[in-house]
Amino acid sequence: MKLQEYVSKDLLRKAGVPVPHGQVAESVDQVEEIARRLGPVAVKAQVLVGGRGKAGGIKLADTPEDARQVAQQILGMDIKGLTVEKVLVEQQQKIAKEYYAGITLDRARRQFVLMLSSMGGVDIEEVAAEHPDAIIKVPIDPSFGLLAYQIRDAMFRADFDRGAFKGLQGILGGLWRVTQDKDAMLAEVNPLAVTDAGNAIAADAKIDIDDSALFRHPDLAQYEAESINDSVERYAAEHNVPYVKLDGNIGIIANGAGLAMMTMDAVRRLGGQPANFLDVSGGARAEVVRQAIQIVLMDPKVEGIVMNIFGGITRGDEVARGLLEAASTMDIKVPIAIRIAGTREAEGRKLLEDSPFTPEPSLDAAATTIIRQVHEKHAAPVGGQ
Amino acid sequence: MKLQEYVSKDLLRKAGVPVPHGQVAESVDQVEEIARRLGPVAVKAQVLVGGRGKAGGIKLADTPEDARQVAQQILGMDIKGLTVEKVLVEQQQKIAKEYYAGITLDRARRQFVLMLSSMGGVDIEEVAAEHPDAIIKVPIDPSFGLLAYQIRDAMFRADFDRGAFKGLQGILGGLWRVTQDKDAMLAEVNPLAVTDAGNAIAADAKIDIDDSALFRHPDLAQYEAESINDSVERYAAEHNVPYVKLDGNIGIIANGAGLAMMTMDAVRRLGGQPANFLDVSGGARAEVVRQAIQIVLMDPKVEGIVMNIFGGITRGDEVARGLLEAASTMDIKVPIAIRIAGTREAEGRKLLEDSPFTPEPSLDAAATTIIRQVHEKHAAPVGGQ
Amino acid sequence: MSILIDQNTRVVVQGLTGREGSFHADQMKKFGTQVVAGVTPGKGGTEVDGVPVFDTMREAIEKTSPNCSVSFVPGPGSADAVMEAADAGIPLIVAITERTPIHDEARAYRYVKDRGLRLIGPNCPGLVSAGKSKVGIMPNQLFKEGNVGVVSRSGTLTYEMVNELSSRNIGQSTVLGIGGDPIIGTSFTDALELFNADPDTHLIVLIGEIGGTDEEDAARYIGDHGSKPVVAFISGRTAPPGKRMGHAGAIITGGQGGPEHKVQAFEKVGVPVANTIAEVADLAARRLGAAT
Amino acid sequence: MSILIDQNTRVVVQGLTGREGSFHADQMKKFGTQVVAGVTPGKGGTEVDGVPVFDTMREAIEKTSPNCSVSFVPGPGSADAVMEAADAGIPLIVAITERTPIHDEARAYRYVKDRGLRLIGPNCPGLVSAGKSKVGIMPNQLFKEGNVGVVSRSGTLTYEMVNELSSRNIGQSTVLGIGGDPIIGTSFTDALELFNADPDTHLIVLIGEIGGTDEEDAARYIGDHGSKPVVAFISGRTAPPGKRMGHAGAIITGGQGGPEHKVQAFEKVGVPVANTIAEVADLAARRLGAAT
């Protein structure tokens, strides 16, 4: 679960990490009021997408009136398809130096790693690609945690400002505490700044919480909704259905993540554009299948659905029943092709015999059928002219 | 630093461990007021000494008036030489079962250990001596901490009540968190109780904080004074002088803990009774020596002092200067014998040449001199009759 | 032969009394697995279909001498169950459960490694040595004894693969699901080492997916140390970056974990990467034909 | 010969730029010790009396190849300094500092052990191989080359002991202060093993004190494995229970750590326990006379 900047900074602040004085706002009145208290401010769009600065989502304002004006521009604006609903209003910082600091999982080592770079304030993935030596990595022993000497060693190697050493060290210690205490998959401060006055401060922050550990953090539940941009994804997440919105028009439903990915790949390979990834998971019952179809259809771009079921724990007849149930309770206007194999395949096929959903002999056949039908629908009006 | 029961319970409560509702009080009015709110209460003397129950320091009271009355008896009473200044007023618990739970350092293993016993509510050292098998011990890996399965395993082996398992498990988890977060050398809940209603509760608690880690716990500084019973020990602790009050009449001053212990042993071996243990530490300056003498003399029972200095980092002349300074600024009424060896022994001896403190050739000689003088002083009036 | 498990494997089921635990224990027994004990704290002294249940792993070991554990303990207690098994010295620990918090898993992984034991999973379907033993949740009826080793990050895709192989009369030595989480106990490379040492495995089918670099590491291992013939498949080749594809580990992040690298890495060391499961089976059949 | 350190020992001083660090580094050099580097974070690039200072142990190792560290880093950072030295692979780590928080120390001890390295201390005076090298804070002038190994939990008592021995012309091989904290890296038993393996040590003087069971463990080791002749002394024999006698470790608690057990344990295995330091020297002289 990705946290907005203002939430990330709040967690850091509580862990003793200095962040700019600031407050989140949802209206221009609020922004003006906050700016009146804080003096010259930065108004920052709270959207979970990169490049909001370039998109005009971050603006400085020296007076409350200016703040109101820039807030008017930013609140409600569209950044890469997302509407800005909140802004963070922060005291402006006079920044002398910018660093990068992040803690993330190093999957190959099976442990977390601290990454520091003196090239802060820019996209770290670009730094990693172009100047890999400019990133200092410190593996974190999961049993001992990030140790003080490791932080110092990394800071010296990354050539961090010796004048602000203590403050920077404190921030990195706090970053690890937050990572551990809040079960973060990623905790990033970029830029990690040193001000003209020589103070270290977390000027921007990005924290991604491990979804599997959310049960330990009821205080973060309130941010779940705003962590998901797409409304269908949000709905699916609330119903614990692994669903990812994609750009195409062919809905995908399969049981199992690997199978769903394969199905998505097959549709693309055969010339179609997947509209989503949806995993009904092992052991799916009829009701779950019905719900999956409903979720896929919530995306208005969907013009056809490919279902791919390999029965292991999941039973073919249960899936067939779910599909028939969906058809009888919903007004399904798009074609659905289904491929069933494995456990209770025969029973499933039988159930679907007299329905519009005659099982296809293979995944490729099912995908081809739907791709063709969608294509024909688009072609039809043209052909009919 | 040993914490009073009410402070220990406060730390546990903050770590999520259920403790009886209660409040500390210093006057009978307060006790009555608290009892009025809590209903039937137990009034418990807050003194850092074992056996306060047997000494009459814990009494039940069913009404506010009763509470006032028993508080009158307990507040100000003397328990093993200590005056009761505070009582903890707690809701009475209907206890069905009593267990023991403690976390302490296992020095031989160089790690902490959880100890559980179904024989709770009694002195655990007696249990250890008489029924060693009744104590379940679980070593705690310092890098992973006390793990959930270890707690469960120990609870099953100690035959803890399965009906209250979850609550008991929670208390043990909290006990470890407090041990670690507060740098405890010892954290003990005895009895760890299960009430008639089946709830697990820490009915009594004893926590001893590692003095070397107090810098991390400024919140506990306020309890330092009440953690030391003896007023001279308290004064010495405030001045960072390792001083332990003993029962005798011959003061001991030496540089180094081992040397001070040896000096104490020598005095006893030669027939004297040490009044204290005092370590002036390596590198002691004149002022520190003067202060050491002052502290030893704060104990009115002291009738003579043996000083034993082996110069390593400590210099003999500095010690001699400190002794002379003490003599010139204080009205010292008791004899002092000193033995100096090692670094700057000659210079030290020279400085003391014309003083009343002619250095003795050996520790045994110095001790013998003082023991004899103290003995003569006691014998004198008798002889003079 | 086979790897990791065979007819002598004695399994203790962690979480036996739960819905999943009892169902799959029953399935394992039907497959022929020796299920000797269960562990569910608080249920010690009971039985599930004749299998004795203990409160702790310590007791289960003392009484029934298992040499393999399989855990159905849900996410919040999953890592703790693995550590309990490790502390008790179980040499092969299989964690089926999904949604293990990753920081817990990092600690558990370290705990197991410190003791020189083997962890498979978490978030995996377990493993099957065809005709000998099954530990986990793979469907019983798919397998056929033979000489192909299968290792996969995905459950259903594994079933699909095994089904495809069996239907062409290509049997398996051991089928191993290593799991879809970002931290897993046994990697592709570990599995390759095991299969290479197994005389009855003649060819290895490797089913990877996007996310992480375990596929690249496996390719490097093959390049450096050689291997029996390997045929690979990578799922999620059309997944967009930054999106978690069902598996917590199936995510392309920070330029890492994309499918092109994986495919290239394999092809560079002479491992063909198929486009479909059927194609994998075709390649396997051809290679086996060439090899035998 | 000697144990642990000799003329080839290359020492890095952690906290060299501090008051204690710089003073004792100077003393060590005067004794003849090779002090090759110092580490003080933030002071890298400077020098102290010609000894180069580095920001980190990593740099110090790269540039000066020390094989021993001695730390004067105060309590709050003491364990961290030990762990830094251990991570850098320093085989012999000597922690002089007192007041290390015990939970920190438990972790540091484990960290060092995990890496198969040796820690001495904390809260110890260090060690001296007479005529060869000194690491720590023992006064330079006391020592005399010879064949008695001394191991002690107390600093000043060690000096007193060595002085007594030297004044009787009884020289020492190595004098080792193991420290007065409840958790220390090297125990009496470890020291006995080392001395027993050193051909130039003919007799061992062991100076114990109340608290813990390290003396009893050493006695058990002697009983089980035999040893060169040992003469012992126990201080704090008249200390009351529950009171910390200066050293954090010198405390009799829960019926453990009392002097009687220690004395009995030694006497049971034929190790005489002297009443005074002079008596220790007498016994040593007699045993050495008998031995040579």
If you count every heavy atom of other residues, nucleotides or ligands that lies below 6.0 Å from D/Lys132 atom NZ, does the total exceed 12? yes

Looking at A/His217, I'd like to know if its NE2 atom is crowded, meaning that more than 12 non-hydrogen atoms belonging to other residues, nucleotides or ligands lie closer than 6.0 Å. yes

Filtered by a 4.5 Å non-hydrogen cutoff, the part of residues 110-120 of chain D contacting chain A is D/Arg110, D/Tyr111, D/Asp114

Those residues of residues 67-89 of chain D, ordered by number, that approach chain A below 4.5 Å (heavy atom to heavy atom): D/Asp80, D/Met83, D/Glu84, D/Asp87

Give me the contact list for residues 155-185 of chain A versus chain D, heavy atoms only, anything under 4.5 Å, ordered by residue number. A/Phe156, A/Arg157, A/Arg162

Taking non-hydrogen atoms and a cut-off under 4.5 angstrom, which of residues 4-35 of chain D neighbour chain A? none

Could you grab the distance from atom CZ of D/Arg58 to atom CD of A/Gln150, nearest 0.5 Å is fine? 9.5 Å

